Amino acid sequence: MPTPEQPRILATQQDGVLLLGLNHPPLNTLDHALRQQLYAALQTAALDPSVQAIVLHGAGGNFSAGADIREFGQPRQPPWAGDVALLIEASAKPVVAALQGVALGGGLELALAAHARIGTAGARLGLPEVKLGLLPGGGGTQRLPRLIGATAALPLILEGRDVSGDAALALGLLDAVCDEATLLDAAVRKARALGDDAAVSRPRADGEAGRQAGLAAIAVQRERLAAKPHSLPAQRLLLDCIQAALEQPLEAGLQFERQAFLQCVASPEHRGLAHAFFAEKQAGKSPAGQARPRAVQQAGVVGGGTMGAGIAVAMLNAGLDVVLIERDAASLQAGLDRINSVYQRQVDSGKLDAAARAQRLSRLSAATDYAALSAADLVVEAVFEDMDVKAQVFAELDRVCRPGAILATNTSYLDINRIARGISRPQDVIGLHFFSPANVMKLLEIVVPEQVADDVVATSFALARRLRKVPVRAGVCDGFIGNRILYVYREAANFMMEDGASPYQIDQALESFGYAMGPFRTADLTGGDIGWATRKRKAATRPPEARYVRVADRLCERGWFGQKTGRGYYLYPERGQRGRQDPEVLAVIEAERAERGIEARPFKDEEIVRRYMAALVNEAAKVLEDGIALRPADIDTALVNGYGFPRWRGGPMKYADDVGLPAILADLESYAREDAGFWAPSELLRRLVREGSTFGKLNQQH
Ligand code: 3HC
Ligand code: NAI
């Protein structure tokens, strides 16, 4: 409950207009206390003869981020956001919502019930509930289609996308746009101008033609969802709700929505998505305590290949100045071409306009001479994955960069402690491990070597936020968090392939589990040659007793690297197609089995998932045990944002808690009877099972 010093509603009066400020900083989430106080304030205002009109606004720069998500796990306490919205809508005195900052979810739903809405051009308005496995439960599915038409409302609700104040004005979601300084005055003027007209009934935006178009759009989306292996209950239910908005009176539609909302709140998909949301918030907090980030405006990128080009684009998009360095003029031109083609695709697809592209590219410069980096605040190295090449690049950076510049490496596997020790300023060296394509993928592993300064870590977390990435702190080891775990569960898939499951069955089982692509399809997409090179490099250090499946090598020896060569595990007769099963690949696998004396046995899909997940969770527990990841939430965040783990399951550690750690441990112990080395259960997992604990409880200790 709020203390008397911190009321959730700040009330002031201006010539007969009551201003009610939502006051729950920083985001004015609609927790129970806020809803209660707002409800009471509206009731009082209705009876107060000195109040002729009401303005609803948010204190502290935001209107509201919507319902307090943490309350969904607890018994619901009235009044609901929907009850408050009804009171606003029924008010005989006009209510105007003044929107700035974020006006999302339940926050926007309150505004939708008001008699008019005024917002700033930069405000973010939206109904993002679906991203949490929910649907708008405060009347949004009923009032937004009525206000802006079902065809316009449908994508906003289904995708959970937010729009700017300017775009909202064009949609008819706002009545006017003004700047922040005049927002409240404009809202007060509007409230007065509405006078007694407030209570008049609101016409639907859609006429009969619009209604039919809306129903047709709903039908299209229903088909699209039905064709997907996975859709959220919320996605299906929100279509039903919008349909109800088109076919039923408001009251019936609101009741329908409330029931649908409750179903979503009770769904495991909501729990998984809410877990992923909070895990990201936890992972995104810099572990460097109070250290203040260094200022970064000019960035260098060394290497304009696949990764360097993507990193440069991510930085240009975030408003940084970028200097691209390559080893010779031809490679430099190739790097610039890569950057240009990323932007060209965005312009062609309408995601970016030509003026914005020109503005971004105007901040890019390029050179083959490292001296161009002398003023850089931060440099990311993305050259070949070769310790000698990287050491040379870092020696150059040490020579040319100004004191205090941050020197980062994008290495996937190499020892960053060694890179740091090799130069005169190890305190400035850090790993910034981006994922491909670097301008798209959300995950950024921030790999923290032994001697790095705290403010370098803090700067990296601040940079991630600026780049709109999801950062996760990782320690130095072979593969850091994600690639280290990936290696192990990919091995489990290889073992199953050799023991009798086809790559197609394995992919299909894991796609049914929720991965967009199974491991073999993914290998075909990323290209078999990369893994092949890594395996050759590591061959000398591979323990002789470790099981090694040679199928991937056999495919690579034939030049079957995946999509780019037209065949890999699958056949790709035409570019961009999904790929067909290849009997010759099955013959290669069969030949390998015969050579090793392995008799193929049948696998059930359920066993495939259990083995894959047991391998994943076990290695993740070892990553925690070794201090490579700080907490289970960090692993969930990394695997969801960088490795395609189904977000609606929350992440692998959440999944393990849901299945039960004793069940995972029992599986590991049973598989360990076949291969004691590979399947050896982690000590941490054993301890958690002994103590009756969970990964979720470990999260709470941080
Ligand atoms: N409920 C509870 N906590 C929330 C919250 C919410 N809706 N939104 C944000 N928070 C918390 C965050 O967890 C974080 O807490 P922490 O400091 O303890 O980690 C703090 O608020 C600040 O959040 P961010 O770091 O995310 O702040 P940003 O400025 O980066 O982003 C934001 C702001 C865009 C609003 C982002 O927080 C966000 O997307 N929030 C979720 C919004 C949402 O989904 N709203 C719909 C809720 S469901 C609903 O309204 C149901 C209704 O239909 C009835
Ligand atoms: P790439 O081969 O596409 O690009 C490397 C670029 O570095 C080439 O353009 C090359 O000309 C340039 N280069 C080489 N030596 C140089 C030097 N001394 N000075 C300046 N430029 C030089 O390689 P890719 O895939 O971009 O990988 C780069 C780094 O990123 C590697 O460390 C890799 O492990 C890592 N990485 C790769 C990912 C991927 O999916 N490709 C994902 C995450 C990290």
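Just follow the structure's listing: the first ligand is 1, and inside any ligand the first atom is 1. Keep in mind that this is a model prediction, so the values were computed, not measured.
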Going by the atom numbers of ligand 2, which of them fall below 4.0 Å from some non-hydrogen atom of [X]?
X: Lys390; result: 31 (C), 32 (O)
X: Ser412; result: 33 (C), 34 (O), 35 (C), 36 (N), 37 (C), 43 (C), 44 (C)
X: Thr411; result: 32 (O)
X: Phe384; result: 2 (O), 5 (C), 8 (C), 10 (C), 14 (C)
X: Tyr370; result: 17 (C), 18 (N), 19 (N), 20 (C)

How close does the nearest protein non-hydrogen atom get to [atom], and which residue and atom is it?
atom: atom 2 (C) of ligand 1; value: Asp68 OD1, 3.3 Å
atom: atom 48 (S) of ligand 1; value: Glu129 CG, 3.8 Å
atom: atom 1 (N) of ligand 1; value: Ile69 N, 2.9 Å
atom: atom 3 (O) of ligand 2; value: Thr306 N, 3.0 Å
atom: atom 18 (O) of ligand 1; value: Arg70 NH2, 4.1 Å
atom: atom 20 (C) of ligand 1; value: Leu27 CD1, 4.2 Å
atom: atom 44 (O) of ligand 1; value: Leu132 CD1, 3.4 Å
atom: atom 39 (O) of ligand 1; value: Phe277 CE1, 4.1 Å
atom: atom 26 (O) of ligand 1; value: Lys281 NZ, 2.6 Å

If you take the nearest heavy atom of each of [options], which one is closest to [atom]?
atom: atom 3 (N) of ligand 1; options: Phe278, Phe72, Phe261, Trp80; value: Phe278
atom: atom 10 (C) of ligand 2; options: Glu326, Met441, His433; value: Glu326
atom: atom 5 (C) of ligand 2; options: Gly303, Gly642, Ala382; value: Ala382
atom: atom 43 (C) of ligand 1; options: Ala67, Ala65, Pro25, Gly137; value: Ala65

Is [atom] touching the protein, meaning some protein heavy atom lies under 4.0 Å away?
atom: atom 5 (C) of ligand 1; value: yes
atom: atom 23 (O) of ligand 2; value: no
atom: atom 31 (O) of ligand 1; value: no
atom: atom 9 (C) of ligand 1; value: yes

Using a heavy-atom cut-off of under 4.0 Å, does the side chain or the backbone of [X] touch ligand 2, or both, or neither?
X: Val383; result: both
X: Gln392; result: neither
X: Tyr413; result: neither
X: Val393; result: side chain

Those atoms of ligand 1 less than 4.0 Å from some heavy atom in Gly66: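 What qualifies from ligand 1 is 50 (O).
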
Atom indices of ligand 1 within 4.0 angstrom of Thr29 heavy atoms, with elements: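 So the atoms of ligand 1 that pass are 1 (N), 5 (C), 6 (C), 7 (N).
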
[Y] six-ring face occupied by [X] cation (under 6.0 Å, within 45°):
X: Arg35; Y: Trp80; answer: no
X: Lys390; Y: Phe394; answer: no
X: Arg327; Y: Phe384; answer: no

Arg647 bridged to Glu280 by N-O distance under 4.0 Å: yes

Test: Asp524 and Lys564 ion pair at under 4.0 Å: no

Heavy atoms from other residues, nucleotides or ligands near CZ of Arg468 exceed 12 (cutoff 6.0 Å): no

Exceeds 12 heavy-atom contacts within 6.0 angstrom, atom CZ of Arg535: yes

Shortest non-hydrogen contact between Pro26 and Asn62, atoms and distance: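 Residues Pro26 and Asn62, closest heavy atoms: O-ND2, 3.1 Å.
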
For the student: nearest non-hydrogen atoms of Phe72 and His270, plus distance: CB-NE2, 3.8 Å

Glu381 N/O to ligand 2 N/O under 3.5 Å: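 N/O-N/O distance under 3.5 Å: no.
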
Any N or O of Met307 closer than 3.5 Å to N or O of ligand 2: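 Yes; at least one N/O pair falls below 3.5 Å.
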
Do the side chains of [Y] and [X] get nearer than 4.5 Å, heavy atoms only?
X: Glu269; Y: Leu132; value: no
X: Arg484; Y: Ile628; value: yes
X: Asn410; Y: Glu381; value: no
X: Leu135; Y: Cys241; value: yes
X: Pro136; Y: Ile157; value: yes
X: Phe461; Y: Pro287; value: yes
X: Glu129; Y: Leu104; value: no

Ring centroid separation Tyr413 to Phe480 under 6.0 Å: no

Is ligand 1 less than 4.0 angstrom away from at least one heavy atom of [X]?
X: Arg465; answer: yes
X: Pro136; answer: yes
X: Lys285; answer: yes

Mutual orientation of the aromatic rings belonging to Tyr515 and Phe645 [parallel < 30°, tilted 30-60°, perpendicular > 60°]: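 Rings of Tyr515 and Phe645: perpendicular, over 60°.
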
Side-chain H-bond candidate by donor/acceptor type, Asn317 with Tyr343, under 3.5 Å: yes

Under 3.5 Å: N/O of Glu109 near N/O of ligand 1: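 N/O-N/O distance below 3.5 Å exists for this pair.
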
Phe435 heavy atom under 4.0 Å from ligand 2: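 Phe435: no contact with ligand 2 (<4.0 Å).
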
